[in-house]
Participant: 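First, the structure itself, so that you have it in front of you.
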Amino acid sequence: MAVRDELDKLFEDYLIAYRQADADGCAAMYSVEAQLFSPFGSATGRKAIAELHRDWFTEGTENKSLTVLDSGQSGNLAWCLASFSEGEAAENGVSLNVLERQANGTWLIQMSSLNES
């Protein structure tokens with residue numbers, strides 16, 4: 001399977017968890033020591049990322065969209081540029097993500113930077 005297909009699947013799973021307000025499910029897409037940087041709040045570590053998502057969910061989850069725009073891979077590292085939207089009245093932007101392939105073959109986000117557009 002091509003890396004783009006694998007990352008599309010990862011972000012599709014993230015979006016499903018987000019729309020269900022499943023903070024632990026969203027955080028499971030990140031490594032234990034991952035870093036997330038955002039104008040909406042930053043966090044280091046999977047547990048803190050789950051807590052940050054719980055805060056975000058208070059504003060609603062049903063209108064979230066996420067689209068992988070571009071990606072690439074070098075060995076066990078990959079990057080992904082994705083656009084996000086939370087509806088007409090909410091924030092829109094892009095995220096740049098660095099991912100690492102795990103021993104079981106799956107990808108986890110190591111670092112994510114969300115930026116408003």
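Excluded from the calculations below are hydrogen atoms, water molecules and symmetry mates; all remaining heavy atoms, backbone and side chain alike, are included. Note that the numbering runs from 1 along the sequence shown for the chain.
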Participant: Is there a continuous path of hydrophobic side-chain contacts, each under 4.5 Å between heavy atoms, that joins Leu114 to Phe37?
Facilitator: no

Participant: Any chain of hydrophobic side-chain contacts (each under 4.5 Å) joining Trp79 to Leu7?
Facilitator: no

Participant: Look at the aromatic rings of Tyr14 and Tyr30 and report parallel, tilted or perpendicular, splitting at 30° and 60°.
Facilitator: perpendicular

Participant: Specify the closest pair of heavy atoms between Glu6 and Gly105, including all atoms of both residues, with the distance to one decimal.
Facilitator: OE2-O, 4.3 Å

Participant: Output yes when a side-chain donor or acceptor of Gln35 lies under 3.5 Å from a complementary backbone atom of Glu33, and no otherwise.
Facilitator: no

Participant: If every non-hydrogen atom of Trp56 is compared with every non-hydrogen atom of Phe40, which pair is closest and at what distance?
Facilitator: NE1-O, 3.1 Å

Participant: Could you state the interatomic distance from CG (Leu69) to OG (Ser95), rounded to the nearest 0.5 Å?
Facilitator: 8.5 Å

Participant: Under a single-linkage definition using a 4.5 Å side-chain heavy-atom cutoff for Ile, Leu, Val, Met, Phe, Trp and Tyr, are Met29 and Phe57 assigned to the same hydrophobic cluster?
Facilitator: yes

Participant: Which pair of heavy atoms, one from Leu66 and one from Leu15, lies closest together, and at what distance?
Facilitator: N-CD2, 4.0 Å

Participant: If you round to the nearest 0.5 Å, how far is CZ of Arg19 from SG of Cys26?
Facilitator: 11.5 Å

Participant: Hydrophobic side-chain clustering at under 4.5 Å (ILVMFWY, transitive links): who's grouped with Leu108? Put none if nobody.
Facilitator: none

Participant: Heavy atoms only: give me the nearest Gln73-Arg101 pair and the separation to one decimal.
Facilitator: NE2-NH2, 3.8 Å

Participant: What are the two closest non-hydrogen atoms of Leu36 and His53, and how far apart are they?
Facilitator: CD1-CE1, 4.2 Å

Participant: State yes or no: do Leu99 and Val3 share one hydrophobic cluster built from I, L, V, M, F, W and Y residues joined by side-chain heavy-atom distances below 4.5 Å, directly or via other members?
Facilitator: yes

Participant: Mind checking the CG-CZ spacing from Asp8 to Arg4? Nearest 0.5 Å is all I need.
Facilitator: 5.0 Å

Participant: Answer yes or no: is there an ion pair linking Glu51 with Arg54, defined by an N-O contact shorter than 4.0 Å?
Facilitator: yes

Participant: Answer yes or no: is there an ion pair linking Lys9 with Asp5, defined by an N-O contact shorter than 4.0 Å?
Facilitator: no

Participant: Over all heavy atoms of both residues, which pair between Asp22 and Gly25 is shortest? Give the atoms and the distance, please.
Facilitator: OD1-N, 2.7 Å

Participant: Would you mind telling me which of Ile16, Val68, Thr67 makes a side chain to side chain contact (heavy atoms under 4.5 Å, CB included) with Phe11?
Facilitator: Val68

Participant: Nearest 0.5 Å, please: how far is OG in Ser42 from CD1 in Ile49?
Facilitator: 10.0 Å

Participant: So, taking the atom named OG in Ser38 and the one named CD in Glu116, what distance separates them when rounded to the nearest 0.5 Å?
Facilitator: 7.5 Å

Participant: Working to the nearest 0.5 Å, report the span between CH2 of Trp107 and OG of Ser71.
Facilitator: 9.5 Å

